[in-house]
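What follows is one structure encoded as C-alpha coordinates, with my remarks underneath.
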Amino acid sequence: MKTLKKKRDFQRVFDGGRFITKRESPIKVYALKEGTDLMVGIMIRKTVINAVGRNYTKRQIKAIFLDLEKEGFSGQYILMPTKGFVKSEFKEKKDRLRRILQNFHNKQNRNPNHRKNL
RNA sequence: CCAGAAGUUUGAACACUCGCAAGUCCUUUUAGGACUUGAGGAAAGUCCGGGCUCCAUAGGGCAAAAUGCUUGGUAACACCAAGGCGGAGAGAUCCGAUGGAAAGUGCAACAGAAAGUAAACCGCCUAGAUUUUUAAUUUAGGUAAGGGUGAAACAGUGAGGUAAGAGCUCACUUAUCUUGUGGGUAACCAUAAGGUACGGUAAACCCCGUUUGGAGCAAGAUCAUGCAGAGAAGUUGAGGCGGCCCGCUGAUUCUCGGGUAGAUUGCUUGAGAUUUAUAGUGAUGUAAAUCCUAGAUAGAUGAGUGUAGAUGAGUGCGUAAAGCACUUUGAACAGAACCCGGCUUAUAGAGCAUCUGGGAGC
RNA sequence: GGGCUUAUAGUGUAACGGAUAGCAUACCUGACUUCGGAUCAGUUGGUAGGGGUUCGAAUCCUCUUAGGCCUA
(Lines give C-alpha, C1' and ligand atoms only; values in the text may rest on other atoms or scores of the structure.)
Protein backbone atom coordinates (compact mmCIF):
# COMPACT_ATOMS: atom_id res chain seq x y z
CA MET A 1 0.00 0.00 0.00
CA LYS A 2 1.22 3.46 -0.87
CA THR A 3 -0.07 6.91 -0.03
CA LEU A 4 -0.82 9.67 -2.49
CA LYS A 5 1.34 12.66 -1.55
CA LYS A 6 1.89 15.14 -4.37
CA LYS A 7 -0.67 17.59 -5.63
CA ARG A 8 -0.45 16.18 -9.14
CA ASP A 9 -1.25 12.65 -7.92
CA PHE A 10 -4.46 13.97 -6.36
CA GLN A 11 -5.26 15.94 -9.51
CA ARG A 12 -4.87 12.84 -11.70
CA VAL A 13 -7.39 10.90 -9.59
CA PHE A 14 -9.86 13.78 -9.61
CA ASP A 15 -9.59 14.16 -13.39
CA GLY A 16 -9.95 10.46 -14.27
CA GLY A 17 -12.06 9.07 -11.44
CA ARG A 18 -15.55 9.48 -9.98
CA PHE A 19 -17.50 9.26 -6.72
CA ILE A 20 -18.42 5.72 -5.78
CA THR A 21 -20.43 6.50 -2.62
CA LYS A 22 -23.92 7.83 -2.10
CA ARG A 23 -24.50 11.42 -1.03
CA GLU A 24 -25.66 10.55 2.53
CA SER A 25 -22.69 8.27 3.23
CA PRO A 26 -20.50 9.37 6.20
CA ILE A 27 -17.34 8.91 4.13
CA LYS A 28 -16.88 10.08 0.56
CA VAL A 29 -14.64 8.04 -1.71
CA TYR A 30 -13.23 9.11 -5.05
CA ALA A 31 -11.85 6.19 -7.06
CA LEU A 32 -9.78 5.57 -10.16
CA LYS A 33 -9.19 2.01 -11.45
CA GLU A 34 -5.62 2.17 -12.65
CA GLY A 35 -2.53 0.01 -12.11
CA THR A 36 -2.02 -2.99 -9.87
CA ASP A 37 -0.94 -1.12 -6.71
CA LEU A 38 -3.31 0.02 -3.96
CA MET A 39 -2.87 3.78 -3.37
CA VAL A 40 -4.74 5.91 -0.87
CA GLY A 41 -4.99 9.65 -0.25
CA ILE A 42 -6.74 11.02 2.81
CA MET A 43 -8.35 14.45 3.16
CA ILE A 44 -9.82 15.56 6.48
CA ARG A 45 -11.16 19.03 7.09
CA LYS A 46 -9.81 21.01 10.02
CA THR A 47 -13.32 21.57 11.33
CA VAL A 48 -14.08 17.85 11.63
CA ILE A 49 -11.73 17.10 14.55
CA ASN A 50 -8.49 18.33 16.12
CA ALA A 51 -4.99 17.31 15.10
CA VAL A 52 -4.79 14.27 17.37
CA GLY A 53 -8.02 12.89 16.00
CA ARG A 54 -6.97 13.51 12.42
CA ASN A 55 -3.73 11.62 12.88
CA TYR A 56 -5.59 8.82 14.65
CA THR A 57 -8.11 8.29 11.83
CA LYS A 58 -5.33 8.47 9.28
CA ARG A 59 -3.45 5.67 11.05
CA GLN A 60 -6.58 3.56 11.34
CA ILE A 61 -7.33 3.95 7.63
CA LYS A 62 -3.76 2.96 6.80
CA ALA A 63 -4.14 -0.17 8.93
CA ILE A 64 -7.46 -1.04 7.27
CA PHE A 65 -6.04 -0.70 3.77
CA LEU A 66 -3.07 -2.87 4.66
CA ASP A 67 -5.54 -5.68 5.40
CA LEU A 68 -7.57 -4.93 2.27
CA GLU A 69 -4.44 -5.12 0.13
CA LYS A 70 -3.97 -8.70 1.28
CA GLU A 71 -7.52 -9.50 0.15
CA GLY A 72 -6.57 -8.46 -3.38
CA PHE A 73 -7.96 -4.98 -3.92
CA SER A 74 -6.20 -2.44 -6.14
CA GLY A 75 -6.72 1.04 -7.57
CA GLN A 76 -6.33 4.62 -6.45
CA TYR A 77 -8.68 6.14 -3.88
CA ILE A 78 -9.16 9.47 -2.16
CA LEU A 79 -11.07 9.32 1.13
CA MET A 80 -12.90 12.26 2.69
CA PRO A 81 -14.19 11.28 6.16
CA THR A 82 -16.82 13.32 8.01
CA LYS A 83 -17.68 13.56 11.68
CA GLY A 84 -19.87 10.47 11.68
CA PHE A 85 -17.17 8.25 10.24
CA VAL A 86 -14.46 9.59 12.58
CA LYS A 87 -16.51 8.88 15.71
CA SER A 88 -17.46 5.31 14.75
CA GLU A 89 -15.68 2.14 15.92
CA PHE A 90 -12.81 0.47 14.13
CA LYS A 91 -14.89 -2.54 13.05
CA GLU A 92 -17.60 -0.34 11.54
CA LYS A 93 -15.03 1.58 9.57
CA LYS A 94 -13.44 -1.58 8.27
CA ASP A 95 -16.75 -3.18 7.23
CA ARG A 96 -17.98 -0.01 5.54
CA LEU A 97 -14.80 0.49 3.53
CA ARG A 98 -14.66 -3.16 2.50
CA ARG A 99 -18.29 -3.06 1.30
CA ILE A 100 -17.66 0.11 -0.71
CA LEU A 101 -14.63 -1.35 -2.42
CA GLN A 102 -16.38 -4.64 -3.14
CA ASN A 103 -19.32 -2.87 -4.77
CA PHE A 104 -16.92 -0.85 -6.91
CA HIS A 105 -15.00 -3.91 -8.03
CA ASN A 106 -18.09 -5.98 -8.81
CA LYS A 107 -19.45 -3.20 -11.00
CA GLN A 108 -16.13 -2.83 -12.80
CA ASN A 109 -16.02 -6.55 -13.54
CA ARG A 110 -19.71 -6.88 -14.40
CA ASN A 111 -20.20 -3.89 -16.65
CA PRO A 112 -18.44 -5.22 -19.80
CA ASN A 113 -20.41 -8.49 -19.69
CA HIS A 114 -23.61 -6.60 -19.13
CA ARG A 115 -23.09 -4.64 -22.31
CA LYS A 116 -22.36 -7.77 -24.35
CA ASN A 117 -25.59 -9.36 -23.19
CA LEU A 118 -27.61 -6.34 -24.23
C1' C B 1 -14.54 14.26 61.44
C1' C B 2 -16.37 18.66 58.65
C1' A B 3 -15.34 23.24 55.95
C1' G B 4 -11.55 25.84 53.59
C1' A B 5 -6.31 27.90 51.92
C1' A B 6 -1.96 27.08 49.35
C1' G B 7 2.16 23.97 47.15
C1' U B 8 4.45 19.99 44.52
C1' U B 9 4.98 15.20 41.73
C1' U B 10 2.67 12.15 38.20
C1' G B 11 -0.63 11.74 34.11
C1' A B 12 -2.46 4.11 30.92
C1' A B 13 0.29 -1.74 32.44
C1' C B 14 1.41 -6.65 29.98
C1' A B 15 1.25 -10.38 25.84
C1' C B 16 0.57 -11.73 20.61
C1' U B 17 -0.02 -10.45 15.14
C1' C B 18 0.87 -6.63 11.50
C1' G B 19 3.36 -1.91 10.38
C1' C B 20 6.30 3.58 10.23
C1' A B 21 10.95 6.97 10.77
C1' A B 22 16.17 7.72 11.95
C1' G B 23 20.94 5.65 13.13
C1' U B 24 24.50 1.43 13.30
C1' C B 25 25.88 -3.34 11.47
C1' C B 26 25.34 -7.49 8.04
C1' U B 27 24.01 -9.84 3.48
C1' U B 28 23.25 -9.24 -1.29
C1' U B 29 23.29 -5.26 -4.11
C1' U B 30 19.98 -0.54 -4.16
C1' A B 31 16.47 -4.27 -2.14
C1' G B 32 16.21 -7.29 2.38
C1' G B 33 17.46 -8.69 7.50
C1' A B 34 19.12 -7.80 12.75
C1' C B 35 19.70 -4.40 16.79
C1' U B 36 19.00 0.44 19.26
C1' U B 37 16.23 4.83 19.78
C1' G B 38 11.71 7.50 18.73
C1' A B 39 6.39 13.04 21.07
C1' G B 40 4.29 17.14 26.08
C1' G B 41 3.16 19.43 30.84
C1' A B 42 1.23 22.24 28.40
C1' A B 43 4.43 20.21 22.25
C1' A B 44 -1.31 24.68 22.17
C1' G B 45 -2.30 30.24 22.02
C1' U B 46 1.62 33.21 19.57
C1' C B 47 1.09 37.31 24.50
C1' C B 48 6.29 39.01 26.08
C1' G B 49 11.86 38.36 26.33
C1' G B 50 16.45 36.38 24.34
C1' G B 51 19.99 33.21 21.33
C1' C B 52 21.20 32.49 16.03
C1' U B 53 21.49 34.69 10.77
C1' C B 54 21.53 38.91 7.25
C1' C B 55 21.34 44.22 6.75
C1' A B 56 26.93 49.80 9.39
C1' U B 57 30.91 46.61 14.57
C1' A B 58 23.74 49.04 14.91
C1' G B 59 25.41 55.41 15.17
C1' G B 60 22.56 60.67 16.62
C1' G B 61 17.73 63.35 16.78
C1' C B 62 12.33 63.56 16.20
C1' A B 63 8.01 60.72 15.99
C1' A B 64 5.69 56.17 17.68
C1' A B 65 5.08 52.20 21.05
C1' A B 66 5.74 49.72 25.67
C1' U B 67 6.38 50.10 30.83
C1' G B 68 5.63 52.43 35.90
C1' C B 69 6.14 51.24 44.73
C1' U B 70 11.40 49.39 46.56
C1' U B 71 15.55 46.05 46.60
C1' G B 72 17.44 41.73 44.55
C1' G B 73 17.67 37.47 40.65
C1' U B 74 18.53 36.62 35.40
C1' A B 75 21.32 36.27 28.86
C1' A B 76 16.82 39.16 28.97
C1' C B 77 11.70 40.36 30.08
C1' A B 78 5.43 42.94 30.49
C1' C B 79 8.93 37.13 34.24
C1' C B 80 10.40 35.46 39.32
C1' A B 81 11.72 36.20 44.78
C1' A B 82 11.67 39.04 49.28
C1' G B 83 9.74 43.39 51.37
C1' G B 84 6.65 48.27 51.74
C1' C B 85 1.73 50.50 51.01
C1' G B 86 -3.66 49.97 49.91
C1' G B 87 -7.93 46.62 49.71
C1' A B 88 -10.88 41.63 50.75
C1' G B 89 -11.50 37.76 54.56
C1' A B 90 -13.04 35.40 61.30
C1' G B 91 -8.29 33.11 59.75
C1' A B 92 -4.72 30.27 56.75
C1' U B 93 -4.27 33.37 52.69
C1' C B 94 -5.55 36.18 48.35
C1' C B 95 -5.88 40.67 44.96
C1' G B 96 -3.56 45.40 43.11
C1' A B 97 -0.95 48.97 35.20
C1' U B 98 0.60 50.70 43.02
C1' G B 99 4.83 57.65 39.59
C1' G B 100 2.49 62.81 39.06
C1' A B 101 -4.27 65.95 40.02
C1' A B 102 -0.03 72.28 43.74
C1' A B 103 2.37 72.31 34.97
C1' G B 104 -1.88 72.62 31.79
C1' U B 105 -6.58 71.01 29.09
C1' G B 106 -10.91 68.12 29.62
C1' C B 107 -15.02 64.96 31.92
C1' A B 108 -18.91 64.01 35.87
C1' A B 109 -25.84 61.66 32.92
C1' C B 110 -30.10 61.94 36.39
C1' A B 111 -30.87 64.27 41.00
C1' G B 112 -29.44 68.60 43.65
C1' A B 113 -29.26 75.51 45.77
C1' A B 114 -24.34 74.30 44.30
C1' A B 115 -19.97 69.25 40.75
C1' G B 116 -15.14 73.91 41.45
C1' U B 117 -11.23 79.13 43.14
C1' A B 118 -17.70 78.24 43.99
C1' A B 119 -22.78 78.11 45.78
C1' A B 120 -28.37 80.60 49.80
C1' C B 121 -33.74 76.00 47.88
C1' C B 122 -35.86 75.01 52.83
C1' G B 123 -34.13 76.70 57.43
C1' C B 124 -31.66 80.20 61.42
C1' C B 125 -30.60 85.54 62.69
C1' U B 126 -30.59 91.20 62.19
C1' A B 127 -32.74 95.75 60.19
C1' G B 128 -36.73 98.29 57.40
C1' A B 129 -41.81 98.35 55.24
C1' U B 130 -46.99 96.49 55.12
C1' U B 131 -50.97 93.90 57.38
C1' U B 132 -55.16 90.82 60.57
C1' U B 133 -48.81 93.19 65.19
C1' U B 134 -45.62 87.47 70.87
C1' A B 135 -47.54 86.15 64.07
C1' A B 136 -47.44 86.36 58.66
C1' U B 137 -45.86 88.59 53.89
C1' U B 138 -42.14 91.28 51.46
C1' U B 139 -37.27 94.13 50.70
C1' A B 140 -31.95 94.58 51.99
C1' G B 141 -28.16 91.97 54.47
C1' G B 142 -25.56 88.04 57.63
C1' U B 143 -25.03 82.68 58.01
C1' A B 144 -22.49 76.44 55.54
C1' A B 145 -24.62 74.52 62.37
C1' G B 146 -29.41 71.54 60.66
C1' G B 147 -32.65 69.40 56.25
C1' G B 148 -33.01 67.20 51.57
C1' U B 149 -29.75 65.27 46.47
C1' G B 150 -25.90 62.31 44.87
C1' A B 151 -21.01 57.49 43.71
C1' A B 152 -18.75 62.06 45.47
C1' A B 153 -20.55 68.39 48.83
C1' C B 154 -14.12 71.66 51.68
C1' A B 155 -12.65 67.40 58.19
C1' G B 156 -15.11 64.54 62.99
C1' U B 157 -16.66 64.90 68.46
C1' G B 158 -17.16 68.11 72.63
C1' A B 159 -16.70 72.94 74.91
C1' G B 160 -16.29 78.18 74.44
C1' G B 161 -18.07 82.07 71.48
C1' U B 162 -22.09 84.75 68.74
C1' A B 163 -27.83 88.47 66.80
C1' A B 164 -27.63 83.60 64.47
C1' G B 165 -23.50 81.00 62.94
C1' A B 166 -18.81 79.48 61.25
C1' G B 167 -11.36 76.06 62.66
C1' C B 168 -13.66 82.04 64.65
C1' U B 169 -10.94 79.97 69.36
C1' C B 170 -9.51 75.66 72.49
C1' A B 171 -8.96 70.15 73.65
C1' C B 172 -8.72 65.31 71.55
C1' U B 173 -8.91 62.78 66.81
C1' U B 174 -8.33 62.21 61.13
C1' A B 175 -5.72 63.47 56.67
C1' U B 176 -1.73 65.97 54.54
C1' C B 177 2.81 69.33 53.87
C1' U B 178 7.61 71.25 55.76
C1' U B 179 11.69 70.70 59.09
C1' G B 180 14.28 67.78 62.78
C1' U B 181 15.42 62.99 65.35
C1' G B 182 15.51 57.48 65.37
C1' G B 183 15.01 52.62 62.50
C1' G B 184 15.56 50.46 57.45
C1' U B 185 20.22 49.41 51.47
C1' A B 186 15.42 51.38 49.83
C1' A B 187 10.06 51.73 49.23
C1' C B 188 8.52 53.23 53.93
C1' C B 189 7.66 53.26 59.35
C1' A B 190 7.82 55.62 64.31
C1' U B 191 8.15 60.22 66.79
C1' A B 192 8.59 65.84 68.00
C1' A B 193 7.61 70.93 66.47
C1' G B 194 5.21 74.20 63.10
C1' G B 195 1.64 75.03 59.10
C1' U B 196 -2.79 73.58 56.23
C1' A B 197 -8.10 71.39 55.59
C1' C B 198 -5.90 72.31 49.63
C1' G B 199 -12.39 67.02 46.40
C1' G B 200 -12.64 62.66 42.22
C1' U B 201 -10.87 60.91 37.43
C1' A B 202 -4.28 59.82 34.15
C1' A B 203 -7.17 51.58 32.15
C1' A B 204 -9.13 60.69 29.50
C1' C B 205 -5.44 63.79 26.84
C1' C B 206 -1.05 64.91 29.14
C1' C B 207 3.76 65.58 32.26
C1' C B 208 8.04 62.90 34.36
C1' G B 209 11.44 58.64 34.61
C1' U B 210 13.03 54.00 32.13
C1' U B 211 13.28 50.78 27.69
C1' U B 212 13.00 49.70 22.35
C1' G B 213 17.46 49.86 15.04
C1' G B 214 14.90 46.44 11.17
C1' A B 215 13.75 41.67 9.28
C1' G B 216 13.03 36.73 10.20
C1' C B 217 15.22 29.33 9.50
C1' A B 218 10.44 30.51 3.51
C1' A B 219 16.65 34.03 8.01
C1' G B 220 21.13 32.81 5.58
C1' A B 221 24.87 29.49 2.64
C1' U B 222 25.85 25.85 -1.45
C1' C B 223 24.83 22.82 -5.82
C1' A B 224 21.72 21.37 -9.75
C1' U B 225 17.49 22.34 -13.53
C1' G B 226 15.49 25.83 -17.09
C1' C B 227 14.41 30.28 -20.38
C1' A B 228 13.91 35.18 -24.67
C1' G B 229 14.38 39.26 -24.33
C1' A B 230 12.50 44.50 -24.39
C1' G B 231 11.98 49.33 -22.09
C1' A B 232 13.08 53.16 -18.19
C1' A B 233 16.24 55.51 -14.28
C1' G B 234 21.25 55.93 -12.41
C1' U B 235 28.59 58.14 -9.99
C1' U B 236 25.55 65.93 -10.91
C1' G B 237 24.61 59.55 -6.30
C1' A B 238 20.21 54.75 -8.29
C1' G B 239 19.31 51.54 -4.45
C1' G B 240 20.12 50.00 0.79
C1' C B 241 20.36 50.76 6.44
C1' G B 242 11.43 49.04 5.75
C1' G B 243 8.17 55.64 9.98
C1' C B 244 10.95 60.72 8.87
C1' C B 245 15.62 63.66 8.97
C1' C B 246 20.91 63.54 9.75
C1' G B 247 24.77 60.23 9.10
C1' C B 248 26.93 55.83 6.69
C1' U B 249 27.40 52.92 2.30
C1' G B 250 28.51 53.07 -3.11
C1' A B 251 26.40 50.23 -8.66
C1' U B 252 23.03 48.60 -9.76
C1' U B 253 17.60 49.21 -9.46
C1' C B 254 12.49 49.24 -11.44
C1' U B 255 8.47 47.74 -15.11
C1' C B 256 6.58 44.30 -18.85
C1' G B 257 7.33 39.47 -20.84
C1' G B 258 9.50 34.31 -20.66
C1' G B 259 11.37 30.08 -17.61
C1' U B 260 12.62 26.54 -13.47
C1' A B 261 10.63 25.10 -8.91
C1' G B 262 14.54 19.75 -7.15
C1' A B 263 18.41 18.59 -3.45
C1' U B 264 22.20 19.53 0.49
C1' U B 265 23.21 22.57 4.65
C1' G B 266 21.38 25.62 8.67
C1' C B 267 19.37 20.82 12.31
C1' U B 268 19.98 19.60 17.09
C1' U B 269 25.83 19.31 22.61
C1' G B 270 22.33 22.98 24.74
C1' A B 271 21.67 30.00 29.10
C1' G B 272 21.39 20.69 28.28
C1' A B 273 19.85 16.81 31.95
C1' U B 274 20.57 13.90 36.64
C1' U B 275 22.91 13.34 41.45
C1' U B 276 25.81 15.28 45.44
C1' A B 277 28.07 19.30 48.09
C1' U B 278 27.81 24.42 49.11
C1' A B 279 26.31 30.22 49.49
C1' G B 280 21.59 32.70 50.15
C1' U B 281 15.14 33.98 54.08
C1' G B 282 14.18 33.17 48.76
C1' A B 283 14.23 33.70 43.35
C1' U B 284 18.91 31.90 42.05
C1' G B 285 24.28 31.26 41.96
C1' U B 286 28.98 28.19 42.39
C1' A B 287 31.75 23.46 42.27
C1' A B 288 32.37 18.18 41.28
C1' A B 289 30.90 13.52 39.11
C1' U B 290 27.97 10.94 35.53
C1' C B 291 25.02 10.93 30.92
C1' C B 292 23.87 12.08 25.40
C1' U B 293 18.10 11.72 25.28
C1' A B 294 13.11 12.92 18.38
C1' G B 295 14.77 15.45 14.05
C1' A B 296 10.04 14.16 10.29
C1' U B 297 9.13 17.38 5.47
C1' A B 298 1.39 16.75 3.39
C1' G B 299 4.77 15.60 8.03
C1' A B 300 7.33 9.17 11.34
C1' U B 301 6.86 7.97 16.70
C1' G B 302 1.55 3.37 15.56
C1' A B 303 -3.10 -0.26 14.39
C1' G B 304 -5.94 -4.48 15.94
C1' U B 305 -7.10 -8.53 19.42
C1' G B 306 -6.80 -10.51 24.32
C1' U B 307 -5.61 -10.12 29.82
C1' A B 308 -5.80 -6.83 33.83
C1' G B 309 -8.34 -2.38 35.11
C1' A B 310 -9.20 3.67 37.64
C1' U B 311 -13.98 5.69 37.68
C1' G B 312 -19.27 5.78 37.04
C1' A B 313 -24.19 3.13 36.95
C1' G B 314 -27.40 -0.96 38.54
C1' U B 315 -28.69 -5.38 41.64
C1' G B 316 -28.08 -8.43 46.08
C1' C B 317 -26.19 -9.20 51.45
C1' G B 318 -26.14 -5.69 55.51
C1' U B 319 -31.01 -1.71 60.56
C1' A B 320 -27.74 2.17 58.61
C1' A B 321 -22.77 3.68 57.53
C1' A B 322 -18.42 1.25 56.22
C1' G B 323 -17.65 -3.09 53.57
C1' C B 324 -18.31 -7.57 50.43
C1' A B 325 -20.23 -10.12 45.91
C1' C B 326 -22.27 -10.02 40.85
C1' U B 327 -23.56 -7.46 36.01
C1' U B 328 -22.32 -3.54 32.80
C1' U B 329 -19.11 0.82 31.27
C1' G B 330 -13.81 0.96 29.74
C1' A B 331 -9.36 6.47 31.01
C1' A B 332 -8.52 13.89 30.86
C1' C B 333 -6.46 17.93 27.83
C1' A B 334 -3.98 17.35 23.71
C1' G B 335 0.63 16.06 18.50
C1' A B 336 7.42 18.46 18.06
C1' A B 337 8.52 21.50 12.75
C1' C B 338 15.37 26.53 14.22
C1' C B 339 16.29 26.58 19.68
C1' C B 340 15.68 28.37 24.77
C1' G B 341 13.35 31.45 29.37
C1' G B 342 8.57 32.98 30.96
C1' C B 343 3.17 34.19 30.75
C1' U B 344 -1.81 32.68 29.46
C1' U B 345 -5.43 29.08 28.40
C1' A B 346 -7.25 23.47 28.41
C1' U B 347 -6.89 19.15 31.69
C1' A B 348 -10.35 12.71 34.04
C1' G B 349 -7.80 10.60 37.86
C1' A B 350 -3.76 9.31 41.46
C1' G B 351 0.25 10.31 45.05
C1' C B 352 3.24 13.39 48.67
C1' A B 353 3.93 17.02 52.28
C1' U B 354 1.89 21.90 54.74
C1' C B 355 -1.38 25.53 57.02
C1' U B 356 -6.28 27.86 58.99
C1' G B 357 -11.24 27.75 61.28
C1' G B 358 -15.05 24.74 63.64
C1' G B 359 -16.96 20.26 66.22
C1' A B 360 -16.36 15.69 69.25
C1' G B 361 -13.43 12.46 72.45
C1' C B 362 -9.07 11.55 75.63
C1' G C 1 6.46 33.20 9.96
C1' G C 2 4.92 38.56 10.56
C1' G C 3 0.94 42.17 10.88
C1' C C 4 -4.14 44.35 10.89
C1' U C 5 -9.25 43.90 11.88
C1' U C 6 -14.44 42.27 13.11
C1' A C 7 -18.26 40.11 16.45
C1' U C 8 -25.13 44.26 18.59
C1' A C 9 -32.71 40.56 17.83
C1' G C 10 -33.74 35.14 12.75
C1' U C 11 -31.31 38.89 8.87
C1' G C 12 -29.16 43.79 7.52
C1' U C 13 -27.41 47.78 10.32
C1' A C 14 -27.21 52.71 14.19
C1' A C 15 -25.41 54.29 18.99
C1' C C 16 -20.13 61.00 22.74
C1' G C 17 -18.47 56.46 29.05
C1' G C 18 -24.70 58.29 31.56
C1' A C 19 -31.52 55.55 26.95
C1' U C 20 -35.91 51.35 29.40
C1' A C 21 -29.83 49.71 23.65
C1' G C 22 -32.63 52.66 18.27
C1' C C 23 -34.23 51.66 12.82
C1' A C 24 -35.73 48.43 8.83
C1' U C 25 -37.28 43.62 7.72
C1' A C 26 -38.75 38.72 9.34
C1' C C 27 -41.59 35.78 13.17
C1' C C 28 -46.13 35.79 16.31
C1' U C 29 -51.22 37.90 17.76
C1' G C 30 -55.51 40.75 16.43
C1' A C 31 -58.45 43.82 12.80
C1' C C 32 -59.97 44.26 7.56
C1' U C 33 -61.39 39.97 3.62
C1' U C 34 -65.64 34.52 1.41
C1' C C 35 -60.11 33.07 1.60
C1' G C 36 -55.07 34.75 0.70
C1' G C 37 -51.92 39.00 -0.35
C1' A C 38 -51.33 44.15 0.51
C1' U C 39 -52.73 47.55 4.60
C1' C C 40 -53.57 49.02 9.92
C1' A C 41 -52.72 48.10 15.34
C1' G C 42 -49.89 45.45 18.99
C1' U C 43 -46.32 41.77 21.11
C1' U C 44 -41.73 38.76 21.38
C1' G C 45 -36.57 38.67 20.75
C1' G C 46 -30.11 41.25 21.33
C1' U C 47 -24.33 43.85 23.01
C1' A C 48 -19.65 36.55 21.29
C1' G C 49 -17.77 34.42 26.58
C1' G C 50 -14.80 35.39 31.36
C1' G C 51 -12.15 39.16 34.53
C1' G C 52 -10.67 44.27 35.62
C1' U C 53 -10.66 50.12 35.60
C1' U C 54 -14.72 53.57 36.77
C1' C C 55 -19.91 56.27 40.89
C1' G C 56 -21.49 54.07 36.09
C1' A C 57 -18.98 49.92 30.35
C1' A C 58 -22.09 47.74 24.08
C1' U C 59 -18.14 51.66 24.31
C1' C C 60 -11.74 51.78 27.95
C1' C C 61 -7.97 47.63 29.32
C1' U C 62 -6.98 42.41 29.39
C1' C C 63 -7.57 36.89 28.55
C1' U C 64 -10.43 33.27 25.70
C1' U C 65 -13.56 31.74 21.39
C1' A C 66 -15.03 32.15 16.32
C1' G C 67 -14.27 34.43 11.69
C1' G C 68 -12.16 37.94 7.80
C1' C C 69 -8.10 40.64 5.28
C1' C C 70 -2.94 41.94 4.00
C1' U C 71 2.08 40.35 3.50
C1' A C 72 6.71 37.05 2.86
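All heavy atoms count here, side chains included; hydrogens, waters and symmetry mates do not. Naming: A, B, ... by sequence-line order, numbering from 1 per chain.
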**Item:** Assigned glycosidic conformation for B/C343 [threshold 90° from 0]
**Value:** anti
**Item:** Atom pair distance, as rounded to whole Å: CZ in A/Arg98 and C1' in B/G304
**Value:** 13 Å
**Request:** Would you mind pulling out the nucleotide paired to B/A111, Watson-Crick or G-U wobble, both distances under 3.5 Å?
**Result:** none
**Request:** Could you measure between the two C1' atoms, the one in B/G4 and the one in B/U281, and give it in whole Å?
**Result:** 28 Å
**Prompt:** Listed by chain and number, what are the salt bridge (Lys or Arg N to Asp or Glu O under 4.0 Å) partners of A/Lys93, not counting sequence neighbours?
**Reply:** none
**Item:** Pairing partner (Watson-Crick or G-U wobble, both distances under 3.5 angstrom) of B/G250
**Value:** none
**Prompt:** What interatomic distance, in whole Å, is found between C1' of B/C333 and the corresponding atom of B/A43?
**Reply:** 12 Å
**Request:** Take the protein atom CD of A/Gln60 and the nucleotide atom P of B/U301, then report the distance between them rounded to whole Å.
**Result:** 13 Å
**Prompt:** Any idea if B/U293 is syn or anti, going by the 90°-from-0 cut?
**Reply:** syn
**Message:** I need the A/Ile20 CD1 to A/Tyr77 OH distance, nearest 0.5 Å.
**Reply:** 6.0 Å
**Request:** Could you tell me the separation between the NZ atom of A/Lys62 and the C1' atom of B/U301, rounded to a whole number of Å?
**Result:** 11 Å
**Prompt:** Considering every strand shown, what is the Watson-Crick or G-U wobble mate of B/A144 when both distances are under 3.5 Å?
**Reply:** none
**Asked** Under a 90° cut-off about 0 for the syn range, is B/G167 syn or anti?
**Response** syn
**Asked** When rounded to the nearest Å, what value does the distance between C1' atoms of B/C69 and B/C208 take?
**Response** 16 Å
**Request:** For B/U143 and B/A120, measure between their C1' atoms and round to the nearest Å.
**Result:** 9 Å
**Message:** Taking only the C1' atom of each, what is the distance from B/A346 to B/A332 in whole angstrom?
**Reply:** 10 Å
**Asked** Where does RNA chain C pair, written as one dot-bracket string 5' to 3', with Watson-Crick or G-U pairs under 3.5 Å, ( ) inside the strand, [ ] for crossing pairs and | for another strand?
**Response** (((((((..((((....[...))))..((((.......)))).....(((((..]....)))))))))))).
**B/U57 glycosidic torsion: syn (within 90° of 0) vs anti** = anti
**Given B/G299, B/U305, B/A303, the nucleotide with the shortest approach to the side chain of A/Lys91** = B/U305
**Request:** Could you tell me which nucleotide pairs with B/U305 by Watson-Crick or G-U wobble geometry, both distances under 3.5 Å, or answer none if nothing does?
**Result:** B/A15
**Request:** Rounded to whole angstrom, note down the C1' distance from B/G357 over to B/A151.
**Result:** 36 Å
**Message:** Rounding to an integer number of Å, can you tell me how far A/Lys58 NZ sits from B/U297 C1'?
**Reply:** 12 Å
**Message:** Strictly by Watson-Crick or wobble contacts shorter than 3.5 Å, is anything paired with B/G182, and which nucleotide is it?
**Reply:** B/C189
**Asked** Can you name the one residue among A/Leu79, A/Ile27, A/Asp95 that meets side-chain contact (heavy atoms from CB on, under 4.5 Å) with A/Ile100?
**Response** A/Ile27
**Message:** Side chains of A/Phe65 and A/Leu97, heavy atoms from C-beta outward: is any pair under 4.5 Å?
**Reply:** yes
**Item:** Identity of whatever pairs with B/A5 - Watson-Crick or G-U, under 3.5 angstrom
**Value:** B/U354
**Request:** Could you state the atom-to-atom distance from CD1 of A/Ile61 to C1' of B/G19 in whole Å?
**Result:** 16 Å
**Message:** Could you tell me how far apart A/Lys94 (NZ) and B/A303 (P) are, to the nearest whole angstrom?
**Reply:** 15 Å
**Request:** Enter syn or anti for the glycosidic conformation of B/U268, syn applying to angles within 90° of 0.
**Result:** syn
**B/A111 and B/G150, which share atom name P, separated by this distance in whole Å** = 11 Å
**Message:** Return the pairing partner of B/C291 with a 3.5 Å limit on both distances, Watson-Crick or G-U wobble; otherwise return none.
**Reply:** B/G272
**Request:** Return the nucleotide paired to B/A310: Watson-Crick means purine N1 to pyrimidine N3 with N6-O4 or O6-N4, wobble means G-U with N1-O2 and O6-N3, both under 3.5 Å.
**Result:** none
**Asked** Atom OH of A/Tyr30 and atom CD of A/Gln76: how far apart are they, to the nearest 0.5 Å?
**Response** 13.0 Å
**Message:** Please report the distance separating the C1' of B/G50 from the corresponding atom of B/G96, rounded so that it comes out in whole Å.
**Reply:** 29 Å
**Asked** Measuring from A/Ile64:CD1 to A/Gln60:CD, what's the distance to the nearest 0.5 Å?
**Response** 6.5 Å
